[in-house]
Amino acid sequence: LTQDELKKIAAYKAVDFVESGMVLGLGTGSTATFAVDRIGELLKQGKLKNIIGIPTSKKTQQQALSLGIPLSDLDSHPVLDLAIDGADEVDGSLNLVKGRGGSLLREKMVESVCKQFVVIVDESKIVHHLGSTGASIPIEVIPFCWKFTEMRLQNLFKDLGCVAKLRTIGEGQNEKPFVTDNANYIVNLYFKGDIGDLNVASDAILRLPGVVEHGMFLNMATTVIVAGELGVTGDGP
Ligand code: DER
């Protein structure tokens, strides 16, 4: 099975959790895209009714609009029944790294007010400790003096050999900062080893005034559905 096929299997299984009448957080990324497609399909077939979607990015908003999924926002729906979203990393305590697609702020705003948060991943996302693979932990920062914030982030974890680097798009002359849906920048943190206590790291990061939010989703996921060569794991609805 290809990675995309595994993502689709996990996504479709997560949509089994959706019931008519729910207010849903619609995730962002290649795995969540399959789930949003599936919700649109079931609405079209009349198998799901009275769904309201709260998108976690402009990209997902566009996808949902094209599928005819009725949309609203957190101002109108401050509590959601269920969110379905992907993740970049999942540890054994269901802590997540998210945001390598750049949508972590709206994802965390939406997914922090859901009664159920179902995470959908292929098996490549499972890790022992967040950040231990050396892949990025994204941090959303305001553009004002971002280099100052980047340096302070790096200093927070200097004894862990952490490197902080602004996320850019384009090459050479055309290289410029990646800009989020919220007109902010992303600083990526790269760790060499175990971050240690995730809550301590989270608090330290959020105390920096130029930081808006980070991509560690701690103690938020209620269910993780993992699709692997041996099948799909994750408790059903
Ligand atoms: O950027 C994000 O938060 C995405 O949800 C990411 O965590 C997972 O994206 P993927 O499903 O394309 O791997």
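Every number for a ligand or one of its atoms is a count from 1 in the order of the listing.
For atom 13 (O) of ligand 1, the closest non-hydrogen atom of the protein is K125 NZ, 2.6 Å. Counting only heavy atoms of the protein, atom 9 (O) of ligand 1 lies nearest to G29 CA, 4.0 Å. Residue, atom and distance of the protein heavy atom nearest to atom 11 (O) of ligand 1 are T31 OG1, 2.7 Å. Of all protein heavy atoms, the one closest to atom 12 (O) of ligand 1 is S30 OG, 2.6 Å. Of all protein heavy atoms, the one lying nearest to atom 3 (O) of ligand 1 is E107 OE1, 2.6 Å.
The only member of D88, D85, I225, I126 that meets side-chain contact (heavy atoms from CB on, under 4.5 Å) when paired with V121 is I126.
Contact annotation for K98 and ligand 1: heavy atoms of both the backbone and the side chain come within less than 4.0 Å of the ligand. Looking at T28 against ligand 1, only its backbone comes within 4.0 Å, counting heavy atoms. At a 4.0 Å heavy-atom cut-off, ligand 1 touches A87 through the backbone alone.
Here K147 pairs with E150 in a salt bridge; the nearest charged N to carboxylate O distance falls below 4.0 Å. A salt bridge is defined here as a Lys NZ or Arg NE, NH1 or NH2 lying under 4.0 Å from an Asp or Glu carboxylate O, and R100 with E89 meets this definition. Using a cut-off of 4.0 Å between Lys/Arg side-chain N and Asp/Glu carboxylate O, E41 and K44 are scored as not salt-bridged.
A donor-acceptor pair shorter than 3.5 Å can be found between the side chains of S76 and D73. Of the N and O atoms on the side chains of D122 and S124, at least one donor lies less than 3.5 Å from an acceptor on the other residue. Side-chain atoms of T222 and Q116 include no donor-acceptor pair closer than 3.5 Å. For the residue pair T28 and T56, a side-chain donor N or O sits within less than 3.5 Å of a side-chain acceptor on the partner.
Hydrophobic clustering, defined by side-chain heavy atoms of Ile, Leu, Val, Met, Phe, Trp and Tyr closer than 4.5 Å, groups V113 together with V23, I52, I54, L74, L80, L105, M109, V110, I142, F144, V212.
Counting the atoms of ligand 1 from 1 in the order shown, those under 4.0 Å from a heavy atom of D85 are 5 (O). Interface of R100 with ligand 1, defined as ligand atoms under 4.0 Å from a residue heavy atom, comprises 1 (O).
Ligand 1 has an N or O atom lying under 3.5 Å from an N or O atom of D88, backbone or side chain. Ligand 1 has a nitrogen or oxygen under 3.5 angstrom from a nitrogen or oxygen of G101.
Ligand 1 has G99 within reach: a non-hydrogen atom of the residue lies less than 4.0 Å from it.
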